[in-house]
Amino acid sequence: MSPRKLMFVLPNLFTVTSILCGFYALTLCAGEAAPAQLNQAALAILFAMFFDGCDGRVARLTRTQSDFGMQLDSLADVVSFGAAPGLLVYKWALEPLGFVGLLIAFSFTACGALRLARFNVLAMRSPQGGGGNFFVGLPIPLAASVLVSMIIAHYAATGGEPLDDSARGPVVVATLSLSLLMVSTVRYRTFKDLRLSPRSALVLALVLASGVVIGTRFHPAYVLVAYSFAYLGFGLLESAFLVRHRLVARKAGRGAAPAMVLLDEAEEDEDDEDDEDDGQRMA
């Protein structure tokens, strides 16, 4: 086998390693999982995110992108960021709710799978292959990161105590909200168009400084929570601004339409008058 063909195996190894991390998280959640095991499962999903982020970059660097790799990556995401976080949040907070908690956890996995299927269809139809500047809907790894960050932060803050019953309601709201955001049309930036500039360097410095402040004043585990919710909020605000801009532009277009009609009628009247003048002159 030529070295060039072996290069195609390299990004797929990262993808398969992501599946391994997700499968390990599933095994930790099976049975009567203790809080320490759930925390380890959350950390395993974080490692899966790392390998998932590397496979695409390795494929681009080695120029080994393929349809096989895209489909394998989607299957890996369903396991590592759909099934594993769904079972994890069920064991962590939703199991006492019974069948309702099971449906809520399943909704996260199902919406993640639907989101991935839609992404693959759009990627096949798009000439850019899904490599635009925006995601349509919340990406499933980022949705999983919100749940994982909450679990890790809770474990770090309480020292491994079980979740209080009063906190199950917010977890239900967060899980359902993330599920809806994945299948929504809210646009989230990919940051693929980000270029180094004084403005981007300043924003990056502010983001890093805020993480340092949160980690030193509160707890390092809260940094991931803050970043995850900041990305959620940024996408919602940007989408709301874009919708407002489109509505304003549409209203302006409707207001300009009657004016254009009047202008056309005035031009037609002038043309008719010119035609009458020309006819009188010819006569």
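One-based numbering along the sequence shown. Keep in mind that the numbers below use all heavy atoms, side chains included, and drop hydrogens, waters and symmetry copies. As the structure is a prediction and not an experimental result, all values here were calculated from the model.
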Seminar exercise, completed: Minimal heavy-atom distance between Gly211 and Val223, with the atoms involved, is O-CG2, 3.4 Å
For this session: Tell me, please, which residues at least two apart from Asp67 pass side-chain contact (heavy atoms from CB on, under 4.5 Å).
Result: none
Problem set entry | Non-hydrogen side-chain atoms of Asn120 and Gln71 separated by less than 4.5 Å | yes
Problem set entry | Separation of Cys21 SG from Leu46 CG (nearest 0.5 Å) | 10.0 Å
Exercise. Under 4.5 Å between side-chain heavy atoms, hopping through other hydrophobics if needed: is there a path connecting Phe234 to Leu180?
Worked result: no
Exercise. Given the rule in the side chain to side chain contact (heavy atoms under 4.5 Å, CB included) test, do Val173 and Ser177 qualify, once you have shown the distances and angles that lead to the verdict?
Worked result: CA-CA 6 Å; Val173 173; Ser177 300; 3.9 Å; yes
Seminar exercise, completed: On a heavy-atom basis, the closest approach of Ala42 and Ile151 is CB-CG2, 4.2 Å
Exercise. Within a reach of under 6.0 Å around CZ of Phe23, are more than 12 heavy atoms found that belong to other residues, nucleotides or ligands?
Worked result: no
Seminar exercise, completed: So CH2 of Trp92 and CE of Met150: to nearest 0.5 Å the spacing works out to 4.5 Å
Exercise. Would you say the side chains of Asp52 and Ser18 form a donor-acceptor pair under 3.5 Å?
Worked result: no
For this session: Output the distance between atom CZ (Phe106) and atom OG (Ser179), rounded to the nearest 0.5 Å.
Result: 10.5 Å
Exercise. Can you tell me how far the CG atom of Leu237 sits from the CG atom of Leu232, to the nearest 0.5 Å?
Worked result: 11.0 Å
Problem set entry | Residues in side-chain contact (heavy atoms from CB on, under 4.5 Å) contact with Leu142, at least two apart in sequence or another chain | Leu138, Pro139, Ser145, Tyr231
Exercise. Which one of Leu43, Leu147, Val225, Leu38 satisfies the side chain to side chain contact (heavy atoms under 4.5 Å, CB included) criterion with Ile152?
Worked result: Leu43
For this session: Examine distances only and state if a side-chain atom of Glu238 and a backbone atom of Gly235 form a donor-acceptor pair shorter than 3.5 Å.
Result: no
Exercise. Linking I/L/V/M/F/W/Y whenever any side-chain heavy atoms sit under 4.5 Å apart, do Phe99 and Val89 land together?
Worked result: yes
For this session: Locate the shortest heavy-atom distance separating Asp55 from Phe14; write the atom from each residue and the value.
Result: CB-CB, 3.7 Å
Problem set entry | Beyond-backbone contact of Val100 with Val172, side-chain heavy atoms, under 4.5 angstrom | no
Exercise. With no hydrogens and no angle check, is any side-chain donor or acceptor of Arg118 less than 3.5 Å from a backbone partner on Val183?
Worked result: yes
Exercise. Do Phe51 and Leu10 share a hydrophobic cluster (ILVMFWY, side-chain heavy atoms under 4.5 Å, transitive)?
Worked result: yes
For this session: Can you see which heavy atom on Gly86 is nearest to which on Phe108, and at what distance?
Result: N-CD2, 4.2 Å
Problem set entry | Shortest non-hydrogen contact between Asp77 and Ile140, atoms and distance | O-CD1, 3.9 Å
Problem set entry | Leu88 side, atom CG; Gln37 side, atom CD - distance, nearest 0.5 Å | 11.5 Å
Problem set entry | Ser149 side-chain N/O to Val146 backbone N/O, donor-acceptor pair under 3.5 Å | yes
Exercise. With hydrophobic residues grouped by side-chain heavy-atom distances under 4.5 Å, do Leu176 and Phe229 end up in a single group?
Worked result: yes
Exercise. Measuring from Leu87:CG to Glu95:CD, what's the distance to the nearest 0.5 Å?
Worked result: 9.0 Å
Seminar exercise, completed: Between Arg168 and Leu163 the two heavy atoms that sit nearest each other are NH2-O, 3.3 Å
Problem set entry | Test item: Tyr227 side-chain N/O and Val207 main-chain N/O as donor-acceptor pair under 3.5 Å | yes
For this session: Could you label the plane-to-plane angle of the Phe119 and Phe135 rings as parallel, tilted or perpendicular, counting under 30° as parallel and over 60° as perpendicular?
Result: tilted
Problem set entry | Hydrophobic cluster membership, Leu181 vs Leu224, 4.5 Å side-chain cutoff | yes
